[in-house]
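From a predicted model like this one, the values you see are computed outputs, not experimental measurements. Convention: sequence-line order gives letters A, B, ...; per-chain numbering from 1.
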Amino acid sequence: MMRFLLLFSRQGRLRLQKWFTPTPEREKKKIIRDMTTMVLARKPRSCNFLHWRDLKIVYKRYASLYFCLALEDQDNELLALEILHRYVELLDKYFGNVCELDIIFNFEKAYFILDEFLMGGEIQETSKQIVNRSIEASDMLQETMEEYMSKPAF
Amino acid sequence: MPAPIRLRELIRTIRTARTQAEEREMIQKECAAIRSSFREEDNTYRCRNVAKLLYMHMLGYPAHFGQLECLKLIASQKFTDKRIGYLGAMLLLDERQDVHLLMTNCIKNDLNHSTQYVQGLALCTLGCMGSSEMCRDLAGEVEKLLKTSNSYLRKKAALCAVHVIRKVPELMEMFLPATKNLLSEKNHGVLHTSVVLLTEMCERSPDMLSHFRKLVPQLVRILKNLIMSGYSPEHDVSGISDPFLQVRILRLLRILGRSDDDSSEAMNDILAQVATNTETSKNVGNAILYETVLTIMDIKSESGLRVLAINILGRFLLNNDKNIRYVALTSLLKTVQTDHNAVQRHRSTIVDCLKDLDVSIKRRAMELSFALVNGNNIRGMMKELLYFLDSCDPEFKADCASGVFLAAEKYAPSKRWHIDTIMRVLTTAGSYVRDDSVPNLIQLITNSVEMHAYTVQRLYKALLDDISQQPLVQVSSWCIGEYGDLLVSGQCEEEEPIQVTEDEVLDVLEGLLVSNLSTPVTRGYALTAIMKLSTRFSSVNRIKKVVSIYGSSIDVELQQRAVEYNALFKKYDHMRPALLERMPIMEKTATNGPTEIVQTNGETEPSVLDTKHPPPVTQPANQANDLLDLLGGNDVVPVIQTTLPTKPASAGGELLDLLGDLSLTGGPAPAPAPSVPTSQPPFLLDGLSSQPLFNDIAAAGIPPMTAYNKNGLKIEFTFERANPNPNIAVITIHASNSTEADMTDFVFQAAVPKTFQLQLLSPSSNVVPALNQGTVTQVIRVLNPQKQQLRMRIKLTYTHKGSPVQDLAEVNNFPPQSWQ
């Protein structure tokens with residue numbers, strides 16, 4: 001299973017954190033620090049895999065964001081690259097040419113999309129269309145309520 | 001009260017902050033506003049406030065005061081509220097806070113909600129962060145949802161079930177009935193999560209594993225359909241249909257086929273098909289191939305298939321993509337033990353990877369290269385590895401050096417080659433060599449008797465060049481101390497002997513003593529080496545002078561040594577030649593080295609090459625000669641070891657003190673590394689170690705015996721068996737004195753035959769009071785792994801009525817229970 005997924009910028013600012021195992025707050029901060037340090041220190045054309053403690057770390061840079069996934073020993077690293085790519089595609093479809101600002105200002109949407117794609121450290125849905133449709137339907141549910149209440153969404 | 005600012009507004013504002021302090025101020029202001037809003041129980045804007053709080057939490061600020069608010073949001077009827085509430089719960093709450101249990105009821109209700117998206121939220125939250133208590137409470141609901149026909153919910157329920165099983169393994173049985181029809185689903189999402197669920201169950205329970213073996217044909221069929229089916233837009237990734245599902249099925253097949261011939265046979269065809277038909281131009285195809293290779297190597301596949309797998313890995317090694325090369329090296333490392341020959345075929349490619357620019361790849365290539373070294377390719381491989389050692393980054397040097405030593409030890413074609421290789425490592429990576437290599441090397445050099453002259457010559461020349469690398473310097477000074485006479489007499493056969501005078505040698509050693517580059521340990525080596533040369537060189541006066549100067553050194557260690565050596569020159573000059581004699585051959589019990597990661601048919605275990613030994617210190621041979629004289633035994637190995645290099649506790653004559661001290665100096669540095677090869681376990685000349693007594697657990701009735709009874713001194717042995725190791729017999733000696741005068745300076749020594757190991761702990765005292773007024777007790781532990789008959793030779797020394805007494809005896813009447 002995957003242990004955690006982090007998104008951070010070139011300057012090391014955290015944009016998204018998803019933890020699949022219960023971790024104390026202090027430990028989370030330490031891990032985030034370690035990951036950002038390690039990944040940002042990598043040379044541009046190195047391979048995308050690292051070893052950290054007993055985990056395999058797979059990272060990929062998309063524009064100004066680093067996507068960092070931690071895997072257990074028996075997980076497939078090459079597939080993890082595909083997982084990261086799939087997530088970016090989902091974000092791209094939703095936001096239309098997604099960029100870092102989209103994720104900063106709509107972080108909760110990024111989480112919602114992630115929660116339709118992955119769950120409990122495993123892949124939940126392998127079809128792009130189904131994930132997109134679920135998100136759209138949920139959004140509709142949200143907006144309908146808000147329209148009815150004639151109040152803005154938060 | 002004005003409406004709280006919107007989330008996006010807040011984000012924009014915070015981003016305008018130019019300093020950390022400014023940001024902190026804004027955040028604090030907003031947090032205060034949010035807190036008061038929470039206090040007012042504002043339902044309308046709670047959602048907005050929690051969202052803002054989550055943003056601030058991501059920036060690293062505390063947000064715990066929002067936890068209860070998340071629960072209120074979850075309980076709300078509005079979907080927006082629930083969505084943010086559940087997100088907040090996943091981010092802010094976890095099983096460590098008691099608050100999270102309050103969620104259980106809400107989740108239960110939401111699991112039965114009419115809207116599937118609400119149910120989805122509940123399942124997702126439970127499946128991501130549900131604690132064991134929550135899982136126990138809600139497992140029934142999850143099981144129900146696992147049987148629903150709604151595929152959206154079914155797939156989420158499956159992963160939720162996986163989480164429940166991980167948290168509460170006992171509940172696994174409960175989900176068994178629901179798994180019956182999971183694989184007949186058409187929906188890929190459900191199929192995928194079902195395979196994950198089945199995998200989890202099979203990994204956790206051997207019963208489940210055998211139960212699910214019957215699914216192999218179905219899985220094979222599904223996989224086949226995926227490969228053979230045409231283009232499916234919904235699941236296509238670069239021309240491959242649902243690679244995620246394919247990989248997952250391959251993984252389940254791996255687990256099912258692992259130790260089962262029938263299942264493995266059923267999969268052979270499909271694995272071969274996947275291996276040959278998968279498009280390899282993109283990463284996704286290679287991901288599937290990688291998983292296939294892992295599966296082939298793990299199950300009981302036929303040899304043709306295994307060769308195919310290794311060849312795929314070999315092709316990976318030549319791929320331009322670094323990731324694929326890395327993955328290939330990792331996999332080869334796992335398979336090298338089981339399919340050694342197949343991997344050997346790719347050796348040259350692997351060795352080329354040593355020159356790769358990528359650090360991760362270099363490391364893997366290095367590990368794999370060491371695994372591939374064998375008697376046939378040692379020369380060629382070592383050339384490449386030494387070249388790598390020269391040019392690699394410092395982070396590799398220690399491991400590489402250790403690996404080279406290990407390989408050289410195992411496969412060295414000749415002693416000369418071995419010594420040359422060691423020299424090369426010491427000179428190129430001398431400062432990165434591990435501490436425990438120094439004693440290893442010294443032992444190796446000592447044992448290569450015919451190479452002594454050559455070795456000392458080369459080491460001397462190396463010293464002349466460079467004295468900064470401590471391990472090199474330590475080994476060199478030790479050798480010069482031992483074999484200085486060969487150096488000076490120019491007796492080298494292997495190469496052109498160099499002309500060196502005694503003074504030049506002493507210059508070099510003295511140079512080490514004064515140099516800033518030398519560590520205290522090195523200085524100790526140098527001083528001892530100089531001392532040893534006093535019996536090998538003729539310029540004794542110079543040596544005496546050096547030794548006496550260091551008698552007032554600030555370094556306590558050096559000072560102590562110098563003082564003792566001075567004493568050797570003065571009072572004990574007659575003993576000096578014997579004490580400083582040439583070392584005998586040291587026998588090795590084990591080789592130790594870096595751990596290797598080995599995968600044998602699917603299990604990855606780090607295999608430490610040998611068990612750990614307590615850190616012994618070898619003492620100079622002269623002491624051994626003395627004991628040999630004492631015991632006159634030929635079944636006794638002539639090296640003694642003490643277990644602790646601490647200053648001896650007991651008295652026992654100046655001779656023992658001196659020897660105890662020499663234990664610190666004569667041998668290699670007493671580094672407490674757990675991987676120092678020990679000499680053949682002889683027996684301890686002890687009375688000197690101060691180890692704490694362990695807990696004796698008396699074994700049922702082994703009768704005590706009288707070991708010695710002469711001149712009023714009686715020594716009795718009582719027995720116990722040490723727990724937990726039944727091979728260790730614990731003997732307590734009781735010494736009593738029936739004469740009218742005390743026996744003072746009492747020292748008890750013992751020796752046992754080679755197959756035993758003996759350890760003597762501190763005596764209770766060294767005065768045996770007269771007229772049986774008291775006893776001196778001492779504990780002996782004897783390790784008897786071969787269950788041989790216990791025999792012992794003992795030596796007693798004491799002072800009685802002013803005159804020293806010494807006696808030897810043999811103890812043969814051990815009761816059988818003590819050694820059986």
Short N-O contact, [X] and [Y], less than 4.0 angstrom:
| X | Y | answer |
| --- | --- | --- |
| R166(B) | E122(A) | yes |
| K156(B) | D115(A) | no |
| E125(A) | R154(B) | no |
| D236(B) | K128(A) | no |

So which of [options] has the biggest tally of heavy-atom pairs under 4.5 Å with chain A?
| options | value |
| --- | --- |
| M58(B), H235(B), R325(B), H188(B) | M58(B) |
| A158(B), C124(B), G120(B) | C124(B) |
| D356(B), V284(B), T193(B) | V284(B) |
| K82(B), H192(B), E200(B), H163(B) | H192(B) |

For [X], is it the side chain, the backbone, both, or neither that has a heavy atom closer than 4.5 Å to a heavy atom of chain B?
| X | value |
| --- | --- |
| I32(A) | neither |
| T21(A) | neither |
| N132(A) | neither |
| R86(A) | side chain |
| Q74(A) | both |
| Q129(A) | side chain |
| R42(A) | side chain |
| L101(A) | side chain |

Around atom [atom1] of [X], are there more than 12 heavy atoms of other residues, nucleotides or ligands at under 6.0 Å?
| X | atom1 | result |
| --- | --- | --- |
| K93(A) | NZ | no |
| R45(A) | CZ | no |
| K282(B) | NZ | no |
| D393(B) | CG | yes |

Heavy-atom proximity to chain A below 4.5 Å, by part of [X]:
| X | value |
| --- | --- |
| L159(B) | both |
| Q246(B) | neither |
| V190(B) | neither |
| R364(B) | side chain |
| S131(B) | neither |

Quiz question: by atom type and distance under 3.5 Å, do the side chains of [X] and [Y] form a donor-acceptor pair?
| X | Y | value |
| --- | --- | --- |
| E77(A) | Y326(B) | no |
| Y117(B) | Q142(A) | no |
| E234(B) | S127(A) | yes |

Which distance, rounded to the nearest 0.5 Å, do you find between the [atom1] of [X] and the [atom2] of [Y]?
| X | Y | atom1 | atom2 | answer |
| --- | --- | --- | --- | --- |
| L81(A) | N286(B) | CG | CG | 11.0 Å |
| M90(B) | K18(A) | CE | NZ | 4.0 Å |
| F105(A) | Y55(B) | CZ | OH | 7.0 Å |
| L121(B) | S138(A) | CG | OG | 7.0 Å |
| I11(B) | I104(A) | CD1 | CD1 | 8.5 Å |
| L79(A) | I288(B) | CG | CD1 | 8.0 Å |

Can you name the salt bridge (Lys or Arg N to Asp or Glu O under 4.0 Å) partners of R13(A), sequence neighbours left out?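 So R13(A) forms a salt bridge (Lys or Arg N to Asp or Glu O under 4.0 Å) with E23(B).
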Qualifying residues under salt bridge (Lys or Arg N to Asp or Glu O under 4.0 Å), relative to E291(B), sequence neighbours excluded: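 Partners of E291(B) under the salt bridge (Lys or Arg N to Asp or Glu O under 4.0 Å) test: R254(B).
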If you define the side chain from C-beta out and look only at heavy atoms, does anything of [X] sit under 4.5 Å from [Y]?
| X | Y | value |
| --- | --- | --- |
| L54(B) | F107(A) | yes |
| F49(A) | S360(B) | no |
| M119(A) | C128(B) | yes |
| R8(B) | N106(A) | yes |
| W19(A) | L91(B) | no |

Give the C-alpha distance, both sets of side-chain angles, the deciding distance and a yes or no for side-chain contact (heavy atoms from CB on, under 4.5 Å) between E108(A) and L7(B). CA-CA 10 Å; E108(A) 83 280 6; L7(B) 172 64; 3.9 Å; yes
Check for a donor-acceptor pair, side chain of N323(B) on one end and backbone N or O of C47(A) on the other, with a separation under 3.5 Å.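 Between the backbone of C47(A) and the side chain of N323(B) there is no qualifying donor-acceptor contact (under 3.5 Å).
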Quick check: does any side chain N or O of D242(B) sit under 3.5 Å from a backbone N or O of T126(A), one acting as donor and the other as acceptor?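 No: the side chain of D242(B) does not pair with the backbone of T126(A).
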Can you give me the closest heavy-atom contact between S46(A) and K322(B), atom names plus distance?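 Reported closest heavy-atom pair: C-CD, 3.9 Å.
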Quick one: which of H51(A), K43(A), E89(A), H85(A) has the most heavy-atom pairs under 4.5 Å with chain B, could you say?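 Option with the greatest count: H51(A).
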Among A137(A), P24(A), G121(A), residue most engaged with chain B (heavy-atom pairs, under 4.5 Å):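 When all of A137(A), P24(A), G121(A) are compared, P24(A) has the most.
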So R251(B) and D75(A), side-chain contact (heavy atoms from CB on, under 4.5 Å) or not? Walk me through it. CA-CA 9 Å; R251(B) 195 158 140 185; D75(A) 294 321; 2.9 Å; yes
